[in-house]
**Student:** 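Structure provided below as structure tokens; questions to follow.
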Amino acid sequence: MAKLNLSWRLLAPIMVAIIIALFPSPSGLPEHAWLYFAIFFGVIVGLILEPAPGAVVAMTGLAIIGVLSPWLLYSPEQLAEPGFKYTSKALSWVVSGFSNSVIWLIFAAFMFGTGYEKTGLGRRIALLLVKKMGHKTLFLGYAIMFSELLLAPVTPSNSARGAGIIYPIIRNLPPLYDSQPNTPGIRKIGSYIMWMGISADCVTSSIFLTAMAPNLLLVGLLKSSTDVALTWGTWFIGMLPLSILLIILVPWLTYVLYPPEIKEGNQVPEWATKELEIMGPLCRREKIMLVLMIAALVLWIFGSDFIDAAMVGYSVVALMLLTKVITWDDIISNKAAWSVFFWLASLIALATGLNQTGFISWFGHHIADSLSGFSPTAIMILLVTLFYGLRYFFASATAYTSALAPMMLAAAFVIPEIPLVTFSLMIGAAIGLSSITTPYATGPSPIYYGSGYLPTADYWRLGAIFGVLFLVLLLLTGLIWMPLVI
């Protein structure tokens, strides 16, 4: 049965690509661009079904297009130009994603996350917040939010952050109050804590550019398609009002809509105190890690005029190696970082090909024509809401961003009245915030859902409520604040 399931998932992307390719190209779109899109869409289906790791799927798509580049990547007119050598150009295109600065920024951020994990600094920060704020259940919710907030800028995998650092800590808290999953005591405190865990992960994923790999994928897609660059500082400032509102509202609103039965107690601070005693005092490597992270954040926010964000990350990683915060073996053995490195570079190259063949321009004009009766503001609201709502159909933030973001950017790009950077920030915020809607939307979702503290009906109900709230606040801050700071 497992072999049949794998075979189906392997054949589906191939069949989808072939079926699309067999249809005649739409009016106004060159045939080679339509054939390119067929392969691209097949890759997206592969990312959704995952017959192989995402990096393998994306690299396979690149290889197919590279080999068949005379029929997929270039028009007959380009091939007929004197001295045009598609062989070398195709190879340059295949590896072009690896020279994108976004790729190196995400890789550096993964190394920062490794430093947090190896030194124990991330766990210490979370335990300190729980110790200081855990006397009252509402404040414990804020402690979870602040723990995610402090880890998010340097942990580009929301799964590593939420499921790898925060969840292992907070899963120990409910039993301290005899709140066990699938028992009458589930709502004593456990349900509140677990919903706060996934909510905080989704909120912080949208606040920082380096908090989630698909954020950087969006920036890479934007730059490859339009030459518009979004910096770390621009992202942070643009999200600031939305971030503040969500950080303040979410723990309190969870407390109101999904109230815990236990409102206060000393068990959590006492447990956190014991865990910190076991860890001992702040060690040399933790201190170095803390200084380096503060320096990186300061340069990311204020230094974009004189040093590239990726260069900051690259330099800090070098310092981490020199000061032995991490080792070279830590870098070469980080499978998650290398996996993201390859699939992100491959997807950016694939998106560049969409633009190079003219598909993005054709699609953008087609959408713009169909929306010609609406105002630019109405179009922005419509596109962002559509992008946000379609999250219900995706179980992967990467596939979601890869499939839909290029199309949304294409539609906005051909309408001059739409501020492209503002629109891109709104799309970027939607990637993280829409993850709250379903128990399968992003990596940590199944972990928290599977904890036993969030019954299915409760998860879908809260996901809908918080999902709508997040979208409304996103639209309001996006239309009012973001244009003022860009």
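Positions are given from 1, in the same order as the sequence printed here. All heavy atoms count here, side chains included; hydrogens, waters and symmetry mates do not.
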**Student:** What closest approach, in Å, do M194 and P174 show between heavy atoms, and which atom pair accounts for it?
**Tutor:**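 Taking M194 first and P174 second, the nearest heavy atoms are CE-CG, 4.5 Å.
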
**Student:** Identify the heavy atoms of A399 and I48 that sit nearest to each other, and give their distance.
**Tutor:**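 Distance-wise, the nearest heavy atoms are CB-CG1, 3.7 Å.
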
**Student:** Has M59 got more than 12 heavy atoms of other residues, nucleotides or ligands less than 6.0 Å from its CE?
**Tutor:**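 For M59, atom CE is not crowded (no more than 12 foreign heavy atoms under 6.0 Å).
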
**Student:** Ignoring hydrogens and geometry, is there a side-chain-to-backbone donor-acceptor pair from Y453 to S179 under 3.5 Å?
**Tutor:**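 Looks like yes, one N/O pair under 3.5 Å.
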
**Student:** Is the backbone of K335 close enough, under 3.5 Å, to the side chain of S339 for a donor and an acceptor to pair up by distance?
**Tutor:**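 Answer holds: no.
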
**Student:** Counting only heavy atoms not in E117 (residues, nucleotides, ligands), do more than 12 fall under 6.0 Å from its CD?
**Tutor:**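 Count not over threshold, so no.
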
**Student:** Do I166 and D201 make a side-chain contact, defined as non-hydrogen atoms from C-beta onward lying under 4.5 Å apart?
**Tutor:**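 No, side chains not in contact.
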
**Student:** Could you check whether F359 and Y36 have their ring centres less than 6.0 Å apart?
**Tutor:**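 No, ring centres 6.0 Å or more apart.
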
**Student:** To the closest 0.5 Å, what do you measure between NE2 (H32) and CG (L73)?
**Tutor:**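 It comes to 7.5 Å.
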
**Student:** Could you check whether Y449 and T456, counting side-chain N and O atoms only, form a donor-acceptor pair closer than 3.5 Å?
**Tutor:**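 Y449 and T456 do have a side-chain donor-acceptor pair below 3.5 Å.
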
**Student:** State, yes or no, whether a side-chain contact exists between L347 and L47 at a heavy-atom distance under 4.5 Å.
**Tutor:**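 Yes, their side chains come closer than 4.5 Å.
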
**Student:** Rounded to the nearest 0.5 Å, what's the gap from CD1 on I39 to CG on L354? Could you check?
**Tutor:**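 Here the rounded value is 12.0 Å.
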
**Student:** Can you tell me how far apart NZ (K89) and NZ (K85) are? Round to the nearest 0.5 Å.
**Tutor:**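 That separation rounds to 11.0 Å.
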
**Student:** What pair of heavy atoms forms the shortest contact from L420 to A412, and how long is it?
**Tutor:**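 Shortest heavy-atom contact: CD1-CB, 4.0 Å.
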
**Student:** Taking I348's backbone N and O only, do any of them form a donor-acceptor pair with T352's side chain (distance below 3.5 Å, no angle check)?
**Tutor:**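 Side chain of T352 to backbone of I348: a pair is present.
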
**Student:** Report yes if some heavy atom in the side chain of V203 is under 4.5 Å from a heavy atom in the side chain of E148; otherwise report no.
**Tutor:**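 V203 vs E148: side chains apart.
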
**Student:** Using 30° and 60° as the class boundaries, would you call the ring planes of F236 and F208 parallel, tilted or perpendicular?
**Tutor:**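 It falls in the parallel class, under 30°.
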
**Student:** Looking at F466 and T254, what are the two nearest heavy atoms and their distance?
**Tutor:**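 It is CZ-OG1, 3.4 Å.
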
**Student:** Take I367 and I379, measure what side chain to side chain contact (heavy atoms under 4.5 Å, CB included) needs, and give me the verdict at the end.
**Tutor:** CA-CA 10 Å; I367 295 297; I379 294 174; over 6 Å; no

**Student:** Within a 6.0 Å radius of atom CD on Q78, are there more than 12 heavy atoms belonging to other residues, nucleotides or ligands?
**Tutor:**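 Enclosed: over 12 neighbouring heavy atoms sit under 6.0 Å from CD of Q78.
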
**Student:** Using a 4.5 Å cut-off on heavy atoms from C-beta on, say whether the side chain of I165 contacts that of L151.
**Tutor:**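 They are in side-chain contact.
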
**Student:** Do L383 and I427 come close enough that some side-chain heavy atom pair is under 4.5 Å?
**Tutor:**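 Not in contact.
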
**Student:** Taking W93 for the side chain and A349 for the main chain, is one N or O donor matched with an acceptor at less than 3.5 Å?
**Tutor:**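 Indeed, once roles are kept as given, a pair shorter than 3.5 Å links the two residues.
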
**Student:** Within the side chain of S199, is there an N or O that forms a donor-acceptor pair under 3.5 Å with the backbone of M196?
**Tutor:**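 Judged by distance alone, no pair lies under 3.5 Å.
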
**Student:** Any side-chain heavy atom of I465 within less than 4.5 Å of one from W460?
**Tutor:**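 The answer is no, as the side chains (C-beta and beyond) never meet within the 4.5 Å cut-off.
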
**Student:** Do you know the tightest heavy-atom contact between T401 and P214?
**Tutor:**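 Closest heavy-atom pair between T401 and P214: OG1-CB, 3.5 Å.
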
**Student:** Test side chain to side chain contact (heavy atoms under 4.5 Å, CB included) on L105 and D308; report intermediate values, then the result.
**Tutor:** CA-CA 9 Å; L105 177 59; D308 184 82; over 6 Å; no

**Student:** Might you confirm whether atom NZ of K223 has over 12 heavy atoms from other residues, nucleotides or ligands at distances under 6.0 Å?
**Tutor:**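 Counting neighbours around NZ of K223, 12 or fewer heavy atoms of other residues, nucleotides or ligands fall under 6.0 Å, so no.
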
**Student:** Determine whether a donor-acceptor pair (N or O, by modelled atom type, separation under 3.5 Å) exists between the side chain of T114 and the backbone of F110.
**Tutor:**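 Answer holds: yes.
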
**Student:** Would you sort out whether M482 and F423 count as a side chain to side chain contact (heavy atoms under 4.5 Å, CB included), showing the intermediate values?
**Tutor:** CA-CA 9 Å; M482 291 178 185; F423 179 76; over 6 Å; no

**Student:** Judged by atom type as modelled, is there a donor-acceptor pair below 3.5 Å linking the side chain of W300 to the main-chain atoms of A309?
**Tutor:**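 Looks like yes, one N/O pair under 3.5 Å.
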
**Student:** With a 4.0 Å cut-off, would you call R9 and E50 a salt bridge?
**Tutor:**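 Result for this pair is no, no salt bridge flagged.
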
**Student:** To the nearest 0.5 Å, how far apart are CZ in F37 and CD1 in I44?
**Tutor:**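 Atom-to-atom, F37:CZ and I44:CD1 are 9.0 Å apart.
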
**Student:** Step by step, would you call L22 with I18 a side chain to side chain contact (heavy atoms under 4.5 Å, CB included)?
**Tutor:** CA-CA 6 Å; L22 290 176; I18 292 174; 4.0 Å; yes

**Student:** With a 3.5 Å distance limit and no angle check, can you tell me whether W235 reaches the backbone of S206 through a side-chain donor-acceptor pair?
**Tutor:**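 Pair found, side chain donor or acceptor close to backbone of S206.
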
**Student:** Tell me the closest heavy-atom pair linking I381 and T385, and the distance in Å.
**Tutor:**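 The pair with the smallest heavy-atom distance is O-OG1, 2.7 Å.
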
**Student:** So, do L409 and P406 sit near enough that their side-chain heavy atoms are less than 4.5 Å apart?
**Tutor:**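 No, every pair of side-chain atoms sits at 4.5 Å or beyond.
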
**Student:** With a 6.0 Å cut-off on ring centres, are Y116 and F112 close enough?
**Tutor:**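 Ring centroids of Y116 and F112 are no less than 6.0 Å from each other.
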
**Student:** Crowded around W34 CH2? As in, over 12 foreign heavy atoms under 6.0 Å?
**Tutor:**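 Atom CH2 in W34 is crowded, with more than 12 foreign heavy atoms closer than 6.0 Å.
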
**Student:** How many angstroms lie between CG in L246 and CD1 in I207, if you round to the nearest 0.5 Å?
**Tutor:**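 Here the rounded value is 7.0 Å.
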
**Student:** To the nearest 0.5 Å, how far apart are CD1 in I415 and CG in L371?
**Tutor:**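 It is 6.0 Å, given to the nearest 0.5 Å.
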
**Student:** Under 30°, 30 to 60°, or over 60°: which ring-plane class applies to W338 and F342, parallel, tilted or perpendicular?
**Tutor:**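 It falls in the tilted class, 30° to 60°.
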
**Student:** Could you tell me if R187 sits above the aromatic ring of Y192, with its cationic atom closer than 6.0 Å to the ring centre and no more than 45 degrees from the axis?
**Tutor:**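 No, R187 and Y192 do not form such a contact.
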
**Student:** Would you please test T442 and S445 for side-chain hydrogen bond (donor to acceptor under 3.5 Å, both in side chains) and show each step?
**Tutor:** CA-CA 6 Å; T442 189; S445 301; 5.4 Å; no

**Student:** Taking the side chain as every heavy atom from C-beta outward, state whether I144 and P251 have any pair of such atoms under 4.5 Å apart.
**Tutor:**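 With C-beta onward as the side chain, the pair stays apart.
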
**Student:** Okay, side chain of T155, backbone of S157: is any donor-acceptor separation there less than 3.5 Å?
**Tutor:**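 It does not hold such a pair.
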
**Student:** Is it true that the side chains of T437 and S434 contain a donor and an acceptor less than 3.5 Å apart?
**Tutor:**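 Side chains of T437 and S434: no pair found under 3.5 Å.
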
**Student:** Under 6.0 Å from the OH atom of Y314, do we count more than 12 heavy atoms belonging to anything else shown?
**Tutor:**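 12 or below, so no.
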
**Student:** Any chance the side chains of R161 and S205 put a donor and an acceptor closer than 3.5 Å?
**Tutor:**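 Checked: R161/S205 side chains pair up, N/O donor to acceptor below 3.5 Å.
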
**Student:** Going by ring-ring contact (aromatic ring centres under 6.0 Å, His included), Y400 matches just one of Y392, Y440, F393, F387. Which one?
**Tutor:**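 Single ring-ring contact (aromatic ring centres under 6.0 Å, His included) partner of Y400 among Y392, Y440, F393, F387: F387.
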
**Student:** Under the 3.5 angstrom rule, does the side chain of S435 hit a backbone N or O of I431 as a donor-acceptor pair?
**Tutor:**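 Judged by distance alone, yes, a pair lies under 3.5 Å.
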
